[in-house]
Amino acid sequence: MFEKEQQQIEDQIRKICEAHNYPVKSLTWSWIPFSGNWGISTSFFQVAADDARSRGQKINVGLHAQEIAQMTADSLELPEGFERAEAVRGYLNLYFTTRIYSQRVIDTVLEEKDNFGRGQRNGERVMVEFSQPNTHKAFHVGHLRNVILGNAVGNILDFAGNDVIRANYLGDIGLHVIKWLWCYLKYHNGEKPEGDITRWMGDIYAEASRRHEEEPEAENEIRELFARWDRKDPEIVELWRVTRQWSLDGFDQIYKTLNVRFDKIYFESDVEDSGKEIVKELIAKGIAVDERPENAVVVKLDELCGTKDKYRSLVVLRSDGTSLYATKDLSLAIRKFEEFHLTRSIYVIDVRQTLYLQQIFKTLELMGYSWAKNCYHLAYEIVNLPGNVTMSSRDGTVVFLQDLIDEAKSRALAIVQEKNPSLTDAEKAEISEKVALGALKYSMLSRDNAKIVTFDWEAALDFNGQAAPYIQYAAVRANSILRKSENGLPDQTVLSYELTPVEVELIDLISRVPREIQRSAAECKPLFISNLAFDLAQAFNNFYHQCPVLQAEPPVRDYRLRLAAAARQTMINCLALLGIDSPEIM
RNA sequence: GCCCCCAUGGCUCAAUGGAUAGAGCACCGGUCUUCUAAACCGAUGGUUGCAGGUUCGAGUCCUGCUGGGGGCGCCA
């Protein structure tokens, strides 16, 4: 929020240093640690070390950096809004005039409201593909991380200034679907799903897997069904169409519950034929080798790239001519760029597919698509069960998403009941839903993408400590103060008292939000936002505890009311980026 | 065999190459007549897996090692 002033000072520092023959390569700005003092900081160690090297002298870099910092502090002309410059152990700390900047921060938040922290449009069009569930299968907790992460990254990229297209890619064909259809026709023909559709679909899939292994005749029957599918037997195609829709309706229920939406839906069945055409092209161009009928159609990437054991080989078509995941993914990638003229294409897919995606991107590059380098695999680690057991719908080692959500809601409801028994049932239901989903989402987003999540009922349902309910509660407390303010929110006020350290810290944190959003977008890490949201809530709780608002003298009261409103807005904005709703009361 | 990821208090995790490595759980002890105690305060707890290296400066970057997980031609 202080970029202009920062740039102005940076220019000055360069001039001052260069006048003394200290070339400045780059300056990095950071926050001053230790709350109570508010401002920005940079250091001169690099400048000092460079200087020593250029003169071939061995000196104490720390001391020299301090000299330069001191010299800079002495000759710097501070712009308005800065109170003092201080050289400390090689650092140059520039302290804000709290009166001016705290007001700027609070006014900006209250003026921009939901848009506080939003970046300038940068003209980049980014597709984020996420979720990618298979139809005719269950949706379990292992799938949750992908949806929550993809959704948050989509929100954050959009807010940071990109034009975001949220895409979903549904696995609506393949052996798993045929197996499902087989089981349905044989044991459930005519039945229709009720209630939790996805659960119902998943149960039949699990049953199909079990029967496939138990029943000797299953293999042949399934193969026969696959053949009917391949020759587009109208009865089978129709059944596929109808049952697929059930899955889609079920997914819609889930996405609605999670409050996730998509701009574009792709189906595997849509890119199968075009994928086969691309394989022909690959063969014609000499990129893929057709080894049929003995072997498959393969892109020997290491041979083509002159690498060894780096890209390995990518099989793009089965020896019997049927398509593979890769067949379709090549086609899909091209379609995305042609349809939307993307700047970037992000794939939110778990880390186990890293090599595979590198192969896809490399193959596209070999085909001559210059945009291939703008494809990015956003890899995240999977969610395991305790004991490092990976969830598998086949083995039945899954925690159903709906079960988790239901359990979370009922626990949240019990707590609302206890804390706030006078609320109406509708209010309690709304609060427990927001709290429960918030907690689940936050637990997925508050750890690094590269870290494995071990699912544990108690941990997933822990509403205490660093968790969404803590942040939601802080926002609710702010709300509560504002609601009780008789004259509503005061207009712009001038600071007429000495801010306490907790107030300064809170304002400081609020001011960091726009920059953290940019950083979070640049690295596709919602974690930065979830950390900051928690820090904000913690700072707000300190403020709440130490600084009376409604009881304070009018000038203090008015200022604090606006600060509380700004803090509330900022926390709500951060949670919204994570896909988490904030209740009004709880 | 080759490649990728992870390793930080008892547990789960943070930490733009930068100032004294921070939280949360758990445990112990305090705070409600005062804007909602889903909160706050205090105490305990660290040679950042090991060994080198780069750097003025390394939890962070590089190399090697150990331990754990994952991936490597017809699954998705």
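Letters A, B, ... are given to chains in the order of the sequence lines, protein chains preceding strands, and every chain is numbered from 1.
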From [options], pick the nucleotide closest to the side chain of [X]?
X: A:Tyr473; options: B:rA38, B:rA15, B:rA19; value: B:rA38
X: A:Arg477; options: B:rC72, B:rG18, B:rA37; value: B:rA37
X: A:Tyr470; options: B:rA7, B:rA23, B:rA39; value: B:rA39
X: A:Ile481; options: B:rC13, B:rG71, B:rC35; value: B:rC35
X: A:Lys419; options: B:rC35, B:rA38, B:rA14; value: B:rA38
X: A:Gln538; options: B:rC6, B:rG24, B:rG71; value: B:rG24
X: A:Phe534; options: B:rA19, B:rC35, B:rA23; value: B:rA23
X: A:Ala450; options: B:rC35, B:rG24, B:rC6; value: B:rC6
X: A:Arg318; options: B:rC56, B:rA38, B:rC75; value: B:rC75
X: A:Val435; options: B:rC74, B:rA38, B:rG71; value: B:rA38

Any N/O donor-acceptor pair, [X] side-chain to [N] base, under 3.5 Å:
X: A:Gln46; N: B:rC56; answer: yes
X: A:Gln358; N: B:rG71; answer: no
X: A:Ser30; N: B:rU16; answer: yes
X: A:Ser43; N: B:rA19; answer: no
X: A:Asn295; N: B:rC74; answer: yes
X: A:Arg312; N: B:rC3; answer: no

Nucleotide B:rG73, atom P - distance to CG of A:Leu301 in whole Å: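 After rounding, the gap between these two atoms is 13 Å.
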Atom-pair distance (NE2 on A:His377; C1' on B:rG70), nearest Å: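 Checked: the NE2 to C1' distance equals 12 Å.
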Whether A:Phe543 and A:Phe540 hold their rings parallel, tilted or perpendicular, with breakpoints at 30° and 60°: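 A:Phe543 vs A:Phe540 ring planes: tilted.
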Syn or anti for B:rC32 (syn when the glycosidic angle lies within 90° of 0):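 Syn, since the glycosidic angle lies within 90° of 0.
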Carboxylate-amine/guanidinium contact A:Glu86 A:Arg84, below 4.0 Å: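 Result for this pair is yes, salt bridge flagged.
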Sidechain N-carboxylate O distance under 4.0 Å for A:Lys328, A:Glu268: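 Result for this pair is yes, salt bridge flagged.
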Sugar-phosphate, base or nothing in reach of A:Asp329, heavy atoms under 4.0 Å: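 A:Asp329: no heavy atom of the nucleic acid under 4.0 Å.
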Touch class at under 4.0 angstrom, heavy-atom based, for A:Ser319 against every strand present: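 Result for A:Ser319 = base.
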Pairwise 5' ranking along RNA chain B for A:Arg483 and A:Phe528, keeping only the more 5' one: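 Its nearest nucleotide being more 5', the pick is A:Phe528.
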5'-most by nearest nucleotide on RNA chain B - A:Leu92 or A:Val549: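 Looking at RNA chain B, the more 5' nearest nucleotide goes with A:Leu92.
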Stepwise side chain to side chain contact (heavy atoms under 4.5 Å, CB included) check, A:Asn420 with A:Glu427: CA-CA 10 Å; A:Asn420 233 330; A:Glu427 285 171 326; over 6 Å; no
